[in-house]
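Report on the structure given below.
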2 protein chains.
Amino acid sequence: MSSRCNLRFLIPGLALLLGGVPSVLAVWPQPQQIRNSAERYSLSARAFLFKHADVSAVRSGCDVLDQAFTRYFTLIFPESGGGGTGGAHNRYFWTEADPFTVEVNVAEGPCDGYPAEGSIENYKLTVSPGQAVLTSVTVWGALRGLESLSQLVEQDDYGAYYINKTEIEDFPRFQFRGLLLDTSRHYLPLQAILKTLDAMAYSKLNVFHWHIVDDPSFPYQSRKYPDLSKKGAYHPFTHIYTQTDVRRVIEHARLRGIRVLAEFDSPGHTQSWGNGQPSLLTPCYRGDVPSGTYGPVNPILDSTYVFMANLLKEVTSVFPDSYIHLGGDEVDFSCWKSNPDIKAFMKKMGFGSDFTKLESFYIIVNISTMLNRSSVVWQDVFDYHEINRPRYVVEVWKWGCYLCEVRRVTKAGHRVLLSAPWYINHISYGQDWRNSYTVQPQNFSGTEEQKKLVIGGEVCMWGEYVDATNLSPRLWPRACAAAERLWSDEVQTSSVDQAFPRLTDFRCRLLRRGIQAEPLYVGHCKNEYQGI
Amino acid sequence: MSSRCNLRFLIPGLALLLGGVPSVLAVWPQPQQIRNSAERYSLSARAFLFKHADVSAVRSGCDVLDQAFTRYFTLIFPESGGGGTGGAHNRYFWTEADPFTVEVNVAEGPCDGYPAEGSIENYKLTVSPGQAVLTSVTVWGALRGLESLSQLVEQDDYGAYYINKTEIEDFPRFQFRGLLLDTSRHYLPLQAILKTLDAMAYSKLNVFHWHIVDDPSFPYQSRKYPDLSKKGAYHPFTHIYTQTDVRRVIEHARLRGIRVLAEFDSPGHTQSWGNGQPSLLTPCYRGDVPSGTYGPVNPILDSTYVFMANLLKEVTSVFPDSYIHLGGDEVDFSCWKSNPDIKAFMKKMGFGSDFTKLESFYIIVNISTMLNRSSVVWQDVFDYHEINRPRYVVEVWKWGCYLCEVRRVTKAGHRVLLSAPWYINHISYGQDWRNSYTVQPQNFSGTEEQKKLVIGGEVCMWGEYVDATNLSPRLWPRACAAAERLWSDEVQTSSVDQAFPRLTDFRCRLLRRGIQAEPLYVGHCKNEYQGI
């Protein structure tokens, strides 16, 4: 698959330079170690075989790998007829003498589990005459290796496939490489989510942060509280995620080694919850009388905690990941301040007029203790009151000196997710991916222990101005910049100018794979309008 | 067709407000006069008929209207099975007693011509029980009226179609309402262009400015000089516009009352021309020797003018519009300055060291070959030296005090096209359409005569960062803001806040029609994912 883009006119002489870059280097994100040579082997869809190594702990029947083989066959040979069946068929039958064999050797099972915190994604890949050998500890590592392998395959000017002699030894810099979609401000159809998961896998992103509900709408169809979506979604039938939809997302993600981190943000950002659960939100007052409007979740009622316990119990049974995101950001205290019952409660609890204590009481004392999960919270919760439970993960999202915040949070011993510099819903003219690329998540003064507490980061695509009409071109390839920052060695990938032709190349590959990825600059892709 | 969007959460109480706005007001761009009432008539695809008035100068067999009837039938009743044939069929057969009849009365023929400078687009539309009467001077006005009619039709919550009693008297504020696409920096497939023309018609934009060639690529396949695209396009077969392609664009545009203004920009922005026409560009020098690079078109060779005359002769035979855009912007003089032959020519001509005189010399010779056309040039040409020929149209594109420039150009007696505030390829976060909307093209100090010389303006979508992957959501609905500014009365449409719910509504309608128009803000459209 040749996805070389024409950049002749960008910088005089760049074509020459690009001609000199072996295209086999174009694996995105950049592997930790890659050695290749000009030695090149022809590939043919009619003589290409994935197989399990004899010593592999994982054999046929492992759906994660079986399906990956089918998928990657089509990705490697897009003209082979595509589709799972064709691919699977071709994998086992060939007409030429010796097939090129991809032997996959996974050290440990199982393969029916979920990717998780601490899943080992390391892999080694050796491409030599007639074969590629891929070894990994887990099936998740094998998936990463298959992705790299697929990106090594190029197509010459006559359409013939080839791969260069290559050795890769690779592992992620950070364990948590996330992407947030917001399905509340605009509903995203299931297909848009599944397609995003596909592109995440191409970029080796491994956590889908599903900001599923918020003020504008509640599309999650709860088993226990169906009124939440019935009355809180944009439309009770067409704009919801059923339990089946959610299972499809989780399974589609699992098969690609992607975790699904569900967020049920409270006590703020919950206006839509109030439609289906009327007593949940705080009645706001104007003077001595209720104004008829509602504020954040009411943190002083027992019924609130019964409801939240039930809802979160359901959520943790639906979403298997060991993390759950509890939100906690941007709570507007004005409604709480107006409500006489809240004020009485504040007095009784000795909170004075510090409403941050009331929020902490709600989130830390009550909500997170209900759960046998690692709770992720937005940095507001940490900023209000130091949290002592080590199971917290603090997501740093506020612009400004975000690394100062990372330093403070890690100094307090908490794990950190960084998203502040990766709010890529914020767009600007030109190559703004460069800003995402040059982020240095650990460039703060702190101990080695502190640095290790930075477990990764997230690209966030908030939905104020984004729905399925513009999601893909806004995400891709802009999210790829953070994907490389989170996977690759920082020193090796410090040059944004060196990244440019590689990302241009990768973007063409995304296009070929049917991802509506926008251009980085002037030029064209060889196969640009075949995939979409 | 109900395309009411849910804005509940945007501004408290806005839903109430929106509920109070009769949706029949949602014609975009706002007609000059519209009166409607709550009286509402049911419509059905099985009892709906377009027909020519007995007194109409245009009858069946006029392809512009015949095809428009078919198109608008499908746009009005998108669930009717769609497609031209189904629509045409339904137009003539119905099962219910009395069809709702749209009687079209056009005062003047012909209908086989092209929309042109000065084409009268005025129309009147009266919707009353059982019928709508549409009168216009020309078929182009009838097209505008059909568009408005189609936007008056709504769908209730049960899917039933209806239209309110309405009277519209409408005409455009400016005769020239353009949209520029750049097919050189990125090649745009024919379908992307045709789809853009569709959406232009929905917004009553009436000039497609085709910036067809530029530095990066030359996709226009010339009959006389086929090497230009063979050697200058990104790809000689897949990334070109054949003569057939160009004819399709012009015809698709004509049927929608849209002019096609071709731009062959020179003497700068011509790097790609040099590939297929080697002696055309100026050889740049480093010291006393040619550096191997090339600059703008070489304005001192007779062969240049022979080539340009031949090319422009072909272009004017291919593109029927009375306007041709000759470019003339951003000429980099450094190469000319380096070339000893150019310097000798400058001396001979008495130009001193003023290279703007050389550019003017070049442009004026070219223009003189365009005897029966109005030449459009970018403002640079005017800025260099005042031009005295009245057939010039100056396009004001430079940011800054663009109305100062409009004043200067009109004072010199030239017609003006304004595009400076509508370079909507420049994106920013949030609702940047508001800036486009508040432009006041005639808000400069000048005589009434000067104001009349502002013949319109253009939305420009330059292609540095835009190709078919992101064209539609970047264009729509952002370009609609300028479309209303160029069509509607400025006083009546001075409030951007009042425009917001109308544009939100119109964007939902675009979506329903299959235009991938991005959201203005949080919310949803009832039929948002059926059209795309």
Side-chain angles (χ1 to χ4, degrees), chain A residues 5-10 12-13 184-189 191-192 214-217 233-235 238-239 271-272 275 293 423 425-431 463-474 476 507 510-511 515-530 532, chain B residues 5-10 12-13 184-189 191-192 214-217 233-235 238-239 271-272 275 293 423 425-431 463-474 476 507 510-511 515-530 532:
Chain A
C5 292
N6 188 331
L7 290 159
R8 267 184 303 160
F9 299 99
L10 176 56
S184 173
R185 290 180 177 83
H186 287 97
Y187 177 80
L188 294 173
Q191 283 307 321
D214 203 302
D215 282 331
S217 74
Y234 283 134
H235 188 283
T238 60
H239 286 63
Q271 285 293 299
S272 67
N275 299 340
T293 63
Y423 267 40
N425 53 304
H426 291 126
I427 54 170
S428 59
Y429 188 62
Q431 299 197 25
E464 280 85 350
Y465 303 102
V466 174
D467 68 7
T469 61
N470 58 357
L471 177 67
S472 280
R474 289 204 179 190
W476 312 109
R507 178 257 167 176
L510 290 177
L511 214 53
I515 304 298
Q516 207 176 324
E518 67 182 16
L520 291 181
Y521 196 57
V522 173
H524 81 294
C525 303
K526 195 169 175 181
N527 296 297
E528 61 193 348
Y529 298 119
Q530 293 172 14
I532 60 165
Chain B
C5 293
N6 188 329
L7 292 160
R8 268 185 301 163
F9 299 99
L10 176 56
S184 173
R185 290 179 177 82
H186 287 97
Y187 178 80
L188 295 173
Q191 283 307 320
D214 202 302
D215 282 331
S217 74
Y234 284 134
H235 188 283
T238 60
H239 286 62
Q271 285 292 299
S272 68
N275 299 338
T293 62
Y423 268 40
N425 54 304
H426 291 125
I427 53 170
S428 60
Y429 188 62
Q431 299 195 25
E464 280 84 350
Y465 303 102
V466 175
D467 67 8
T469 61
N470 57 357
L471 176 67
S472 280
R474 288 203 179 190
W476 312 109
R507 177 257 167 177
L510 290 176
L511 214 54
I515 305 298
Q516 208 176 322
E518 67 181 16
L520 292 181
Y521 197 58
V522 173
H524 82 294
C525 303
K526 195 168 176 183
N527 296 297
E528 62 193 346
Y529 297 120
Q530 293 171 15
I532 60 165

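Proteins get letters first, then strands, A, B, ... in listed order; numbering begins at 1 in each. Because the structure is predicted, anything quoted here is derived from the model rather than measured.
Between the side chain of B:E464 and the backbone N or O of A:V522 there is no donor-acceptor pair closer than 3.5 Å. With hydrogens and angles disregarded, no donor-acceptor distance shorter than 3.5 Å links the side chain of A:H426 to the backbone of B:S428.
Residue B:P473 comes nearest to A:T469 through the heavy atom pair CG-O, 3.6 Å, listed as atom of the first residue, atom of the second, then distance. In plain terms, the two heavy atoms of A:H186 and B:P519 that are nearest each other are NE2-CB, 3.3 Å. Between A:Y465 and B:Q431, the shortest heavy-atom distance links the atoms CE2-CG, 3.8 Å.
With values rounded to the nearest 0.5 angstrom, B:L511 atom CG is found 7.0 Å from A:D467 atom CG. Between atom CG of residue B:L471 and atom CD of residue A:E518 there is a gap of 12.0 Å, rounded to the nearest 0.5 Å. Taken from SG in B:C525 to OH in A:Y187, the straight-line distance is 14.5 Å, to the nearest 0.5 Å. Atom-to-atom distance recorded for B:R474:CZ and A:I427:CD1 is 6.5 Å, nearest 0.5 angstrom.
The side-chain heavy atoms of A:E528 and B:H239, taken from C-beta on, include a pair separated by under 4.5 Å.
In this structure, the ring of B:H524 has its center no less than 6.0 angstrom from the ring center of A:H235.
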